[in-house]
Amino acid sequence: MTTSVARETLVEIYRKMFEIRSFEEKVFELYAQNLVPGTIHLYAGEEAVAVGLCTNLRKDDYITSTHRGHGHCIAKGAEPKRVMAEILGKRTGYCKGKGGSMHIADFSVGMLGATAVVGAGIPIAMGAGLSIKLRGTDQVTACFFGDGASNQGTFHEAINMAAIWKLPVIFVCENNLYAMGTRQSIVMLKENIADRAVAYGIPGVAVDGNDVLAVYEAAHKAVERARKGEGPTLIECKTYRHKGHSRIDPAKYRPKEEVEEWLRKDPIKRLREKLLQKNVLAKAEIQRIEKEILDEIEEAVEFAMKSPYPAPEEAVEDVHSSLRG
Ligand SMILES: Cc1ncc(C[n+]2csc(CCOP(=O)(O)OP(=O)(O)O)c2C)c(N)n1
Ligand SMILES: [Mg+2]
């Protein structure tokens, strides 16, 4: 594994994954204290997907996200403190506290937005890909969506269009086996969502989404192909969310053995073990990195807690944007 991925990249990957996990654990804690307005959908357990993918992207590349988007934002380079402020509904958040957990966007790092509408990010990513092609740059767009979203019409329409126009889009299905409480096997006869790529004449690959290096390798190939103008790829990452669908879901529909099996396959634990085993990092270095990140998350919480709420009259600001300026 260390042969193809540079040491600094491996360390950066570990940092980001640990950062997202720590961030999500903190959001869960704040939610329990009744400090988070609205709902939350946590990314804990799925970090290898966003990080494995985004490590291959440049700042000027784009991503689109889902309702489970905190990890996507942070992996693409958004500042945790401003993501936290948005989740707490504060004016210093990315949408000035008016979007909340499910509507975070940061155009400055190419994060085009999270959305509460399942499958809605897929055509937006296709449109961003079309814009790249028309402008003639070598940027790419990566599009995250769930197994549930892959049964929406938007999935089929957007992938087909991206395929015929050879758009630079990487379609990344985060198959965590469930769409709310519905198991994938109840709504799909085929096991691999990646197999659907055949229907559109593009490459489709299914990878272990809890192995960050497997995601990294698949993304690397897909990004190269997209930058060369050879068109889109569908990558299916098999993964698992550690918690229920959203904050109120105790996830009783999941068998205990299944949950335990996936907890054993925790992507962060696995990477940590590999890094130690291959002498990429010593235990003390890992502990130092983790401490640094935990401190940074505490600072993010402090920043968010101290920030003001938007004033009531700000509710009607930023509602429309005019191209005429
Ligand atoms: C168009 C639409 N239909 C239904 C919903 C309700 N809903 C919210 S999340 C969700 C499940 C999505 O599952 P999946 O795409 O697998 O993503 P995951 O939550 O597993 O990450 C549903 C049905 C919605 N928000 N939008
Ligand atoms: Mg799902």
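We count residues from 1, following the sequence as given.
Here the closest non-hydrogen pair linking G89 and P310 is O-CD, 3.2 Å. Closest of all the heavy-atom pairs between P203 and P232 is CD-O, 3.5 Å. Nearest heavy atom pair, residue A116 against residue M102, reads CB-SD, 3.7 Å. Contact record, G121 with C143: O-SG, 4.0 Å, taken as the closest heavy-atom pair. The nearest pair of heavy atoms linking I293 to S22 is CG2-OG, 4.1 Å. Here the shortest heavy-atom pairing between G129 and V169 reads CA-CG2, 3.9 Å.
Using a 4.0 Å cut-off between charged nitrogen and carboxylate oxygen, E260 and K256 count as a salt-bridge pair. Ionic pairing of R21 and E24 is not present here: no N-O contact between side-chain nitrogen and carboxylate oxygen is shorter than 4.0 angstrom. Electrostatic pairing of E258 and R183 counts as a salt bridge here, judged by a charged N lying under 4.0 Å from a carboxylate O. By the 4.0 Å N-to-carboxylate-O rule, E29 lies close enough to K26 to be salt-bridged with it.
Interatomic distance, NZ of K274 versus CG of L281, reported as 14.0 Å (0.5 Å rounding). For the atom pair CD (E47) and CD1 (I74), the distance works out to 10.0 Å, reported to the nearest 0.5 Å. To the nearest 0.5 Å, atom NZ of residue K278 and atom CG of residue L275 are 10.5 Å apart. Between atom NZ of residue K16 and atom CD1 of residue I268 there is a gap of 12.5 Å, rounded to the nearest 0.5 Å. The line from CZ of R225 to NZ of K221 is 12.0 Å long, rounded to the nearest 0.5 Å. A distance of 7.5 Å separates CG of L57 from CD1 of I63, quoted to the nearest 0.5 Å.
Counting non-hydrogen atoms of neighbouring residues, nucleotides and ligands closer than 6.0 angstrom, the CD atom of E230 exceeds 12 such neighbours. No more than 12 heavy atoms of other residues, nucleotides or ligands lie within 6.0 Å of NZ in K166, so this atom counts as exposed by the packing criterion. The local environment of NZ in K133 is crowded, with over 12 non-hydrogen atoms from other residues, nucleotides or ligands closer than 6.0 Å.
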Please list, one pair per line, the donor and acceptor atoms closer than 3.5 Å that link side chains of residues 152-162 to other protein atoms, with sequence neighbours excluded.
{"unit_1": "Q152", "atom_1": "NE2", "unit_2": "V118", "atom_2": "O", "d": "3.0"}
{"unit_1": "T154", "atom_1": "OG1", "unit_2": "G119", "atom_2": "O", "d": "3.0"}
{"unit_1": "H156", "atom_1": "ND1", "unit_2": "Y200", "atom_2": "OH", "d": "2.5"}

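Taking the centre of each ring, H103 and H67 stay at or above the 6.0 Å mark.
Contact annotation: the side chain of R68 approaches that of H245 to within less than 4.5 Å [non-hydrogen atoms, C-beta and beyond]. At least one side-chain heavy atom of K238 sits less than 4.5 Å from a side-chain heavy atom of N192. Counting heavy atoms from C-beta outward, Y178 and R254 have side chains that approach closer than 4.5 Å. Between R91 and E314, some side-chain heavy-atom pair lies under the 4.5 Å cut-off. Residues T115 and S65 are not in side-chain contact: their nearest non-hydrogen atoms beyond the backbone lie 4.5 Å or more apart. Contact check for M84 versus F303: no side-chain heavy atoms found under the 4.5 Å cut-off. Residues D318 and K98 form a side-chain contact, since some pair of their non-hydrogen atoms from C-beta on lies under 4.5 Å apart. Residues F18 and L294 have side chains in contact (heavy-atom distance under 4.5 Å, counting atoms from C-beta outward).
Looking at R272, K291, R7 one by one, the single match for salt bridge (charged side-chain N to carboxylate O under 4.0 Å, His left out) with E285 turns out to be R7.
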Does the salt bridge (Lys or Arg N to Asp or Glu O under 4.0 Å) test come out yes or no for R15 and E292, once each step is laid out? CA-CA 10 Å; R15 286 189 83 89; E292 257 172 45; 2.7 Å; yes

List the steps, then state whether salt bridge (Lys or Arg N to Asp or Glu O under 4.0 Å) holds for E86 with R82. CA-CA 6 Å; E86 188 57 45; R82 293 197 60 201; over 6 Å; no

For L53 and Y216, run side-chain contact (heavy atoms from CB on, under 4.5 Å): C-alpha distance rounded to whole Å, both residues' side-chain angles, the deciding distance at 0.1 Å, then the answer. CA-CA 6 Å; L53 203 297; Y216 179 90; over 6 Å; no

Go through the steps for D147 and Q184 under the test side chain to side chain donor-acceptor pair (under 3.5 Å), then give the verdict. CA-CA 7 Å; D147 45 292; Q184 184 207 342; over 6 Å; no

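Relative to the six-membered ring of Y309, K90 meets both conditions, a distance below 6.0 Å and an angle of at most 45° to the axis. Cation-pi contact between R247 and Y31: absent, since separation from the ring centre below 6.0 Å together with deviation from the ring axis within 45° is not met.
The aromatic rings of Y43 and H72 lie perpendicular to each other, with more than 60° between the two planes, well past the 30° mark.
Checking N176 against T239 by side-chain atom types alone, no donor-acceptor pair falls below 3.5 Å.
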